Colleague: 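One structure is given below, represented as structure tokens, and several questions about it will come after.
So that the names make sense, note that chain A is the first sequence line, chain B the second, and so on, each numbered from 1. The shown structure was predicted, so the numbers you read here are calculated from the model rather than taken from an experiment.
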There are 2 protein chains.
Amino acid sequence: MRADARENRARVLTVARELFAERGLDVPMAAIARRAGVGVATLYRRFPTKESLVVEAFTEQFAHCQAVIDDAMQDPDAWRGFCTVIEQVCLLQVRDRGFTAAFVASFPELHSEVRDRTWTSFSALVQRAKDSGQLRADFSPHDLMLVLLANNGLSGAPVEAAVAASRRLVAYLLESFRTGTDALPPPVPLSLDLVLN
Amino acid sequence: MRADARENRARVLTVARELFAERGLDVPMAAIARRAGVGVATLYRRFPTKESLVVEAFTEQFAHCQAVIDDAMQDPDAWRGFCTVIEQVCLLQVRDRGFTAAFVASFPELHSEVRDRTWTSFSALVQRAKDSGQLRADFSPHDLMLVLLANNGLSGAPVEAAVAASRRLVAYLLESFRTGTDALPPPVPLSLDLVLN
DNA sequence: TGCTAAGTGGAGACCCCCATCCGCTTGGCT
DNA sequence: AGCCAAGCGGATGGGGGTCTCCACTTAGCA
């Protein structure tokens, strides 16, 4: 690959990440091309389809999620680790408008092994928090999807407002997740496949 | 207005409500026209723009919300009334895919007096629940928007899954809203204008 | 029953998006 | 320096959306 081409490719990726974060996944390819200072064709030569660009643009974010979970497992306080994961992921989600869409878009085929690994890590984290007696026993790992989807509902707002709203929502939810309350949420812990179409 | 015209108009509205509920606001006007058994022109003669059709189609839903709140104010148990409102509105929202979108779409100008009335009613309900000692004192009426937006995040799923998920989310949230917990959510109660763009 | 204004529906103008094609430009090896 | 494949950008095709125009139909009064 020629030097200029490599540079263009990198710039496209950067710009794509910016625009996806600002405006969501439905920003036109032409807009990305324009802001990156290249033609549309260049974009399509490097990324044969829009989806491939999306996937490529978000892999680092996904990796970051995994890192957050791994770090949390190292936290000596299981509950604090659990909270940190929820908070960090929700923050990520609400700061980057395209994040969730990219997540569900790349869900079916791509990253399937990454997804499985993240899932088992998170389940372990949940189990550890339950064992420590601070996370309510009827919390389901599938509730993560509940939190993610709910939190994603806030993404429409301008970033700062969304961040503040998300913080408040997460605080409310974490309070419910902690042991010490008596009432139970409905028993059905939905599978995430059901929830995501 | 001629008799057949009146009938067509009514059928269009019914069909529009069905389709908006099933598929969200972005169903094409042509689809509505087809299912209503009329041409596209007929549709546009009665409703000069798509937005006007949306507004018209959802006014009854908004009225229903108001009724739910009014009913709740009659409930001798202030907390139960509060819960009912949250539950019912969230159910409505998750059963009708277009509901929230229609709500924010018609937000700026239209229905402004309706909106104000609903808002003051809800605030009164909140105050009553606080006075009864069952709703935490730092709950803000603006938190309603938080709940609505969060709940709306679940609307993407197929209806049954969404309903179940919504029930669980609402149960979690209501548990947090009740008095008796010590931790506080972040102090900033966002204004709803900030959250909705 | 006949007239006419109100009502109708389909074709198509216009716009935006994804993706491709093709003639021109340029990096970088020789 | 010269060559040429790799790279480039704008024009273009194709699909799908909102909304308009216009020749035809029909309700409903006299």
Colleague: Does B/Thr49 place a side-chain N or O at less than 4.0 Å from the phosphate oxygens OP1/OP2 of D/dT18?
Modeller: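 No, outside the criterion.
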Colleague: Does A/Arg2 have a side-chain nitrogen or oxygen under 4.0 Å from the phosphate oxygens OP1 or OP2 of D/dA5?
Modeller: no
Colleague: Taking only the side-chain heavy atoms of A/Ala5 (C-beta and beyond), determine which of D/dC19, D/dG7, D/dG28 contains the nearest atom.
Modeller: D/dG7
Colleague: Please report the distance, rounded to the nearest Å, between CD in A/Glu7 and P in D/dG7.
Modeller: 14 Å
Colleague: Separation of B/Glu51 atom CD from D/dG17 atom C1', in whole Å?
Modeller: 16 Å
Colleague: For a salt bridge (charged side-chain N to carboxylate O under 4.0 Å, His left out) check, start with the C-alpha distance between A/Glu22 and A/Arg17, then their side-chain angles and the critical distance, and finish with the verdict.
Modeller: CA-CA 9 Å; A/Glu22 285 169 25; A/Arg17 277 193 265 261; over 6 Å; no
Colleague: What is the 5' to 3' range of DNA chain C, first to last nucleotide, that sits under 4.0 Å from any heavy atom of chain A?
Modeller: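 Boundary nucleotides touching chain A, in 5' to 3' order, are C/dC17 to C/dG28.
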Colleague: Output the distance between atom CG (A/Asp96) and atom NE2 (A/His64), rounded to the nearest 0.5 Å.
Modeller: 11.0 Å
Colleague: For B/Arg6 and D/dG28, give me the distance from atom CZ to atom C1', rounded to whole Å.
Modeller: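 Spelled out: CZ on B/Arg6 to C1' on D/dG28 is 13 Å.
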Colleague: Nearest-Å distance, CZ (A/Arg9) to C1' (D/dC8)?
Modeller: 17 Å
Colleague: So A/Ala33, base contact, sugar-phosphate only, or nothing? Heavy-atom distance under 4.0 Å.
Modeller: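 No contact.
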Colleague: Both B/Ala41 and B/Leu25 contact DNA chain D. Which one's nearest nucleotide lies toward the 5' end?
Modeller: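 Looking at DNA chain D, the more 5' nearest nucleotide goes with B/Leu25.
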Colleague: Do any side-chain nitrogens or oxygens of A/Asn8 fall under 4.0 Å of OP1 or OP2 in D/dC8?
Modeller: yes
Colleague: Please figure out whether A/Pro28 or A/Pro48 has its closest DNA chain C nucleotide nearer the 5' end.
Modeller: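 Here A/Pro28 is the residue nearer the 5' end.
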Colleague: Quick one: which of D/dT20, D/dC8, D/dG10 gets closest to the side chain of B/Tyr44?
Modeller: D/dT20
Colleague: Identify, between A/Ala30 and B/Val40, the residue whose nearest nucleotide on DNA chain C lies closer to the 5' end.
Modeller: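 Taking each residue's closest nucleotide, the earlier one in sequence belongs to B/Val40.
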Colleague: Separation of A/Arg45 atom CZ from D/dA5 atom P, in whole Å?
Modeller: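 Rounded to the whole Å, the gap is 16 Å.
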Colleague: To the nearest 0.5 Å, how far apart are CG in A/Leu149 and CG in B/Leu154?
Modeller: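 Those atoms lie 6.0 Å apart.
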Colleague: Under the salt bridge (charged side-chain N to carboxylate O under 4.0 Å, His left out) criterion, do A/Glu87 and A/Arg167 qualify, and how do the steps go?
Modeller: CA-CA 8 Å; A/Glu87 285 161 0; A/Arg167 260 210 280 272; over 6 Å; no
Colleague: Can a side chain N or O of A/Arg46 be found less than 4.0 Å away from OP1 or OP2 on D/dC8?
Modeller: yes
Colleague: Any sub-3.5 Å donor-acceptor pair from B/Ser166's side-chain atoms to B/Ala162's backbone N or O?
Modeller: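 Side chain of B/Ser166 to backbone of B/Ala162, a donor-acceptor pair under 3.5 Å: no, none is there.
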Colleague: May I ask you to check whether B/Phe177 and B/Tyr172 place their ring centres under 6.0 Å from each other?
Modeller: no
Colleague: Would you please classify the geometry between the A/Phe99 ring and the A/Phe103 ring as parallel, tilted or perpendicular, with 30° and 60° separating the classes?
Modeller: parallel
